[in-house]
Structure formats: structure tokens, C-alpha cells
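Starting from 1, each residue takes its place in the sequence as its number.
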Amino acid sequence: MENPNNRIVAAGHLEDSPVLSHEVMNEPFYTGTLLVKRLSGTIDRLPVTLPGKLLACMPPYEGQMLMISGQVRSYNKVVDGAGRLMVTLFAQNISDAQENDTLNRVTLTGALCKPPIYRSTPFGREICDMMLAVNRAFGKSDYIPCIAWGRNAQYAARFGVGDRISLTGRLQSREYQKLLENGEYMTRNAYEVSAFTLEAAEPETPPVSAQPRPALHPSETMPS
């Protein structure tokens with residue numbers, strides 16, 4: 001389903017053959033890792049979710065450059081006894097990609113669900129961490145970690161919880177070290193949208209079907 005508030009298109013190679021993850025309404029869903037190159041040559045390893053109905057019409061994917069468009073989605077998963085927010089590229093269309101080996105473009109519009117965190121890196125770069133709630137169909141929302149740099153970071157830090165923003169950027173991966181209770185470090189992967197542009201968005205107008213129902217008179221009853 002098209003959602004103008006949440007779009008991603010990325011081109012890359014699948015690292016391995018997709019594997020069965022789960023089923024919804026008897027439709028299988030598969031997961032894999034899409035390797036997407038940046039202009040700098042760095043490779044982002046992006047989790048991708050592939051509906052089974054797309055696999056039947058996919059071009060040969062082994063060793064082939066693929067263009068995948070869809071949405072950035074999130075879900076909660078228990079890892080090592082604790083809940084973690086997982087981010088994935090949910091595929092809605094797949095095609096051949098010939099000369100788009102650095103394509104990775106995300107467009108999001110949503111509301112901040114946490115206060116932005118403005119800080120500086122050890123190298124003195126300004127950065128702002130944001131958590132964006134983006135609505136999708138059937139009353140669901142995706143919670144997407146986003147970051148902004150430099151002047152965009154200064155601008156992002158001015159927003160508050162509930163403010164709506166629109167941004168464009170790329171979905172990227174990075175490794176970090178987590179300190180465990182036993183004093184050892186574990187390498188983990190984080191996924192976030194790095195914003196290139198950022199601006200305030202208009203308040204969202206709920207659809208007619210989502211408008212509050214008028215109050216009923218005590219003598220009235222809801223139809224069955």
C-alpha cells in the first residue's frame with residue numbers, strides 16, 4: 001500500500017538467499033540483508049523483509065543488482081531477554097537495477113515521540129538523535145530512529161514531542177559496542193535514517209472515518 005509519509009528506494013545486492021521468517025494470513029515473509037554502497041564506498045547492510053508474493057516475480061537475485069522500493073518499518077523483538085526495536089526495509093516492489101549502485105533514498109513524515117537529543121561527537125561534529133513515529137494503515141505506527149548533522153542538528157533540537165517533521169535521507173547501518181554486565185563488550189548493529197534535509201510539517205488531518213463519533217443521547221443505541 002502506497003504511503004506518501006514513508007517511502008524508501010534502495011539498490012544493492014542481497015548478501016544471501018532470503019530465508020523464511022514468518023507467515024501472516026497464510027502468506028510467507030522472508031528476510032535477508034541488502035548490501036548498499038555509499039558514495040564513499042562504505043557498505044550499509046540493511047535488513048530487508050520480502051513478501052512471498054514478490055519472490056515469484058523477482059529477477060534472479062544471486063549476484064544481481066536489485067532495486068527495492070517500499071517502506072521503513074519497525075517492530076519489537078526480544079533479544080537476550082530484553083526488548084529491542086528492530087528496523088527493516090519492507091519491500092513492496094523489486095526490479096533490476098543497472099547503474100544505481102549507490103541509490104538509497106528515504107522520505108519520512110511523522111511526529112517526534114521523544115525529545116530530540118542534541119550532542120557533539122568526540123570529533124566535535126554536531127548531531128541530534130530523534131525518534132520519529134510514522135503512521136501507516138490499520139492504525140499502526142512505525143518508530144524510526146533518525147539522526148541529523150550540523151545545522152540540521154541545531155534545527156532538529158528546537159522541536160518538541162508531538163511536533164511533525166518531514167525529512168529525506170538514507171537508511172544506514174553502523175556497528176557499536178555494548179557493555180555487558182560481566183564487563184565484556186558485545187558488537188551490535190544499529191539502523192537509522194541519516195537526514196539530508198529536514199523541515200517542519202503541517203499537522204496531520206485524520207480521515208473522515210477516524211473523526212470522533214458524536215455523543216449518543218441516552219435513549220439512543222449503537223446499531224448492531
Is any side-chain heavy atom of [Y] closer than 4.5 Å to one of [X]?
X      : Y      : value
Gln172 : Tyr191 : no
Val87  : Pro47  : no
Met65  : His13  : yes
Leu34  : Ile68  : yes
Asp44  : Leu35  : no
Leu171 : Leu46  : yes
Cys146 : Ile144 : yes
Asp16  : Thr33  : no

Spell out, as yes or no, whether a donor-acceptor pair under 3.5 Å connects the side chain of [X] to the backbone of [Y].
X      : Y      : result
Asn6   : Gly110 : no
Asp163 : Gly160 : yes
Arg7   : Gln71  : no
Arg84  : Lys77  : no
Asp96  : Met67  : no

If two hydrophobic side chains count as joined below 4.5 Å and joins carry through other members, does [X] share a cluster with [Y]?
X      : Y      : value
Tyr30  : Ile94  : yes
Leu14  : Leu55  : yes
Ile147 : Leu112 : no

>> Would you call the rings of His22 and Phe29 parallel, tilted or perpendicular, taking 30° and 60° as the class edges?
In response: parallel
>> Taking CZ in Arg105 as the centre, count heavy atoms belonging to other residues, nucleotides or ligands within less than 6.0 Å. Is the count above 12?
In response: no
> So does Glu202 have more than 12 non-hydrogen atoms from other groups sitting under 6.0 Å from CD?
Replying inline: no
> When you look at Ile43 and Val36, which way does the side-chain contact (heavy atoms from CB on, under 4.5 Å) test go after all the steps?
Replying inline: CA-CA 6 Å; Ile43 301 296; Val36 182; over 6 Å; no
Hey, could you give me the [atom1]/[atom2] distance between [X] and [Y], rounded to the nearest 0.5 Å?
X      : Y      : atom1 : atom2 : answer
Thr31  : Met86  : OG1   : CE    : 10.0 Å
Cys113 : Leu132 : SG    : CG    : 7.5 Å
Ile8   : Gln92  : CD1   : CD    : 11.0 Å
Ser194 : Arg174 : OG    : CZ    : 10.5 Å

Distance-minimising heavy-atom pair for [X] and [Y]:
X      : Y      : answer
Ala157 : Pro116 : CA-CB, 4.2 Å
Ala91  : Leu54  : O-CD1, 3.6 Å
Pro18  : Leu50  : CG-CD1, 3.6 Å
Val134 : Thr109 : CG1-O, 3.6 Å
Glu27  : Pro51  : OE2-CB, 3.5 Å
Glu23  : Pro28  : CG-CA, 3.8 Å

> Taking atom types as modelled and ignoring hydrogens, do the side chains of Asn189 and Ser173 form a donor-acceptor contact shorter than 3.5 angstrom?
Replying inline: no
>> Any donor-acceptor pair under 3.5 Å linking the side-chain atoms of Thr88 with those of Thr49?
In response: yes
> Can you tell which of Asn5, Asn3, Asp142 makes a side chain to side chain donor-acceptor pair (under 3.5 Å) with Arg136?
Replying inline: Asp142
>> Test of understanding: with salt bridge (charged side-chain N to carboxylate O under 4.0 Å, His left out), list the residues that count as partners of Glu15, not counting sequence neighbours.
In response: Arg45
> By salt bridge (charged side-chain N to carboxylate O under 4.0 Å, His left out), which residues pair with Arg170, not counting sequence neighbours?
Replying inline: none
> Which ILVMFWY residues can you reach from Tyr143 by hopping between side chains whose heavy atoms are under 4.5 Å apart?
Replying inline: Leu85, Met131
> Who passes ring pair (Phe, Tyr, Trp, His ring centres under 6.0 Å) against Phe159, sequence neighbours left out?
Replying inline: Tyr155
>> Show, in sequence, the C-alpha distance, side-chain angles and deciding distance for Val72 and Leu89, and conclude whether the side-chain contact (heavy atoms from CB on, under 4.5 Å) test is met.
In response: CA-CA 5 Å; Val72 182; Leu89 191 174; over 6 Å; no
>> Applying ring pair (Phe, Tyr, Trp, His ring centres under 6.0 Å) as the test, list every pair that has at least one member in residues 38-57; sequence neighbours left out.
In response: none
> Which pairs pass salt bridge (charged side-chain N to carboxylate O under 4.0 Å, His left out) with one or both residues in residues 114-133, sequence neighbours excluded?
Replying inline: Arg119-Asp129
